[in-house]
Every structure is written in structure tokens, then in C-alpha cells.
Amino acid sequence: MPELPDVEVFRRYLQATSLHKRIAEVELRSPEILVDASVQDLKATLCGRSFESTSRHGKHLFVKVKDDGWLMLHFGMTGQLKYFKELQKDPEYDRLLISFGNGYHLAYDAMRKLGEVQLVDDVEQFIADHELGPDALSPDLNADTFVDKFAGRRGMIKPALMNQRIIAGVGNVYSDEILFQVGIHPRTKINDLDRSQLDEIYQTMKEVLRTAIEKQADPERFPDSYITEQRQKDGRCPVCGERLQTVKVSGRTAYYCPNQQGDEP
DNA sequence: CCTATAGCCTGACGGC
DNA sequence: TGCCGTCAGGCTATAG
């Protein structure tokens, strides 16, 4: 689930539900997901305090703990958040349960344990340590800096868009959507793109990510011209009706329309 | 620098 | 029905 738009929706959800409430209890049901800290550390940091604000960089969500550091949440491929009251509504794969003084709970739910939870002192330091590129929607990432980061690279465009060290936030699904919208094949070599094409990829990336957030990262609400909902076997091109093709690109499955994006370059 | 591969983890789905 | 392989919206380590 979680690429930049999904995590942004989670951030707003947490922001709307879970700030300024006393944290009464913390249950780490899958201790493996906690990085560089013990359960005791986590409880000591959170219990009795409250969440104050939120921040996001790429696919990483940071929650400020009042009078302390940050709680970092990364969702892997299957993570999500759920805020609820009755414990019988506790999601099936609740890995971390935070209970508030008002009787409500916030669960970090993830079927597969590919995500991570971590206590972080300094968000900027975390970003530097993980060598993350600028957030894909950051105002600091303008067309010139984007083109500079890509121009001169030797590889293919799709893996570069997904490379979190170049820019943070785009994953398998949204890279396909961006490339479909600009009509470029996922295996196209960056060398074969000119400046105006890179510029168009930049503009389209921002547009696609903003639209997805506006639509709550729900593909069913995306514009009719989007490919994401068709990203399945037997999926069809929303423009010409052609069967979508798939190709493996750096270990991931890319969906594309041969009419809009050309054949294998 | 770049790509493909395998692995981490868990469940869903299709084929025999 | 049962078993097996494959695949899945992330990321890393490893080899070529």
C-alpha cells in the first residue's frame, strides 16, 4: 500500500485522530519491528506523554512526542493505521497498539512484517543517515534540481524513480502511473531522454502524487485516464483499451501500454 | 555506477 | 481437498 500518497493519507489520519491525547498504554505485539530500541525504551518514551505533531519524508512518517523525540513509522508493503474504540475492532495484524487516555486506540497494522518502527531524536539526521533524497513533493525539489539528479545517469528510468536516494516517496505503482501519463516505457534509458522529457516527468510526478493524495490514495477515485486501477492481470489501457503488458524491471513488475509507451526499447 | 537476484515476512491465488 | 509454486504498492545485501 504505502508509497508517498498513502503515507501522506496516514499522516493526516493520525494528525486528525491521535494528537494531544495522553498515551496510557503501549503494547508492542511484534517486537521484531522495533529498530534500535527495547520495548522498555518505547514504553518509557511514550507512556504518560502525548503526540504533538506529524511530519513525513517520502514513505517515512514521523510523529513528535511531546518533550521528547519522534516516533518513526515505516509501513513496508502492507502497513496501515487504524484508530478505534472497541478492542474487538482491533485489526488482525496489529503489531503496535497505542492506547490513549480517552479510551481510544491507535494500531499499526501490517500483515507482513516488512515495515519498521523506531525512536528518532532528529528527523534530519535520520534522513541523512538513510541517505534519502528530497521528498518528491518538497517545494525545494524544482524542475532544475530534478533534472540535475537524473541527467547523466546510466540506468533505466523506472528504477531511478523508485530509488529513494535520488528522490523519496515514489514506489512501484506510482512510478508506473507517472510513466504511463508521460507515455514513456519503464525500461527507457535515462540517457535516451532529453531535457524536455525529464522536465515532463518531473511535472507529471508532482501532478500524479498530488492527485492521488487528493483522492485519498484510493485508485477507485483516480481520474479515468489513470492506469493504477487497471494494474492487474487482464488490465486494459484507459486510453486505447489495449491489454496492458508487464515487464520485470529491477525485480518489480511494471505495467505499461505498448500503444502509449512503445514497445521494449 | 548499475542490474538482477535472493531474502526478509505472510497470505492469496491458480494449477495439478 | 491438499500441496506447491508464484506473486505482492518495500528495502537491503550480494554478485557480476
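Everything quoted here is computed from the prediction, not taken from an experiment. Just so we're on the same page: letters track the sequence lines, and every chain starts at 1.
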*State whether the distance check finds a donor on one side and an acceptor on the other, under 3.5 Å, for side chain A:R154 versus base B:dC2.*
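When only heavy-atom distances are counted, A:R154 does not reach the base of B:dC2 through any donor-acceptor pair under 3.5 Å.
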
Could you tell me how far apart [X] ([atom1]) and [N] ([atom2]) are, to the nearest whole angstrom?
| X | N | atom1 | atom2 | result |
| --- | --- | --- | --- | --- |
| A:L161 | B:dC2 | CG | C1' | 15 Å |
| A:Y108 | C:dG10 | OH | P | 13 Å |
| A:I166 | C:dC11 | CD1 | P | 13 Å |
| A:I190 | B:dC1 | CD1 | C1' | 11 Å |
| A:E3 | C:dC11 | CD | C1' | 13 Å |
| A:H74 | C:dT12 | NE2 | C1' | 12 Å |
| A:K158 | C:dG10 | NZ | P | 9 Å |
| A:H60 | C:dG10 | NE2 | C1' | 9 Å |

*Drop me the distance from A:S50's OG to A:I23's CD1, to the nearest 0.5 angstrom.*
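Reported value, rounded in 0.5 Å steps: 6.5 Å.
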
Do the ring planes of [X] and [Y] sit parallel (below 30°), tilted (30 to 60°) or perpendicular (above 60°)?
| X | Y | result |
| --- | --- | --- |
| A:F100 | A:F51 | perpendicular |
| A:F126 | A:H60 | perpendicular |
| A:F62 | A:W70 | perpendicular |

_Is it the case that over 12 heavy atoms from other parts of the model lie below 6.0 angstrom from the CD atom of A:E32?_
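Above 12, so yes.
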
*Give a yes or no on whether A:D121 atom CG has more than 12 heavy-atom contacts from other residues, nucleotides or ligands under 6.0 Å away.*
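Incorrect, the count does not exceed 12.
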
[N] and [M]: how far apart are their [atom1] atoms, nearest whole angstrom?
| N | M | atom1 | answer |
| --- | --- | --- | --- |
| C:dT6 | B:dT5 | C1' | 16 Å |
| C:dC7 | B:dA4 | P | 16 Å |
| B:dC9 | C:dG2 | P | 27 Å |

*Quick one: do A:D192 and A:K189 make a salt bridge, cutoff under 4.0 Å?*
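No, no charged N to carboxylate O under 4.0 Å.
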
*Is the shortest side-chain N to carboxylate O distance from A:R29 to A:D94 below 4.0 Å?*
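Looking at A:R29 and A:D94, the cut-off is met.
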
*In terms of side-chain heavy atoms of A:P159, which of B:dC2, B:dT3, C:dC11 is nearest?*
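Comparing B:dC2, B:dT3, C:dC11 against the side chain of A:P159, the answer is B:dT3.
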
Is the distance from OP1 or OP2 of [N] to the nearest side-chain N or O of [X] less than 4.0 Å?
| X | N | answer |
| --- | --- | --- |
| A:R187 | B:dA4 | yes |
| A:T78 | C:dG10 | no |
| A:K59 | C:dC11 | yes |

*Verify salt bridge (Lys or Arg N to Asp or Glu O under 4.0 Å) between A:E214 and A:R210, making sure each step is shown before the conclusion.*
CA-CA 6 Å; A:E214 190 183 310; A:R210 288 200 184 102; over 6 Å; no

*With pairs taken as Watson-Crick or G-U wobble and both distances under 3.5 angstrom, which stems of at least three consecutive pairs involve DNA chain C?*
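Result, WC/G-U stems under 3.5 Å: B:2-8 with C:10-16, B:10-16 with C:2-8.
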
*Closest nucleotide of DNA chain B for A:G155 versus for A:K233: which of these residues is on the 5' side?*
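Nearest-nucleotide comparison on DNA chain B picks A:G155.
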
*Start at the 5' end of DNA chain B and walk down; is the nucleotide closest to A:G251 or to A:L114 reached first?*
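Result of the comparison: A:G251.
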
_Can you see whether A:D148 engages A:T145 through a side-chain donor-acceptor pair at a distance of less than 3.5 angstrom?_
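There is no such pair between these side chains.
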
_A:Y255 reachable from A:F222 in the ILVMFWY side-chain graph, under 4.5 Å edges_ =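 Not linked; separate clusters.
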
Need one value for [X]: base, sugar-phosphate or nothing, where a base atom within 4.0 Å counts as base even if backbone is also close, heavy atoms only.
| X | result |
| --- | --- |
| A:T228 | nothing |
| A:M156 | sugar-phosphate |
| A:R165 | nothing |

Nucleotide N/O to protein N/O under 3.5 Å, stretch nucleotides 10-13 of chain B:
{"from": "B:dT10", "atom 1": "OP1", "to": "A:K113", "atom 2": "NZ", "distance (Å)": "2.9"}
{"from": "B:dG11", "atom 1": "OP1", "to": "A:Y93", "atom 2": "OH", "distance (Å)": "3.1"}

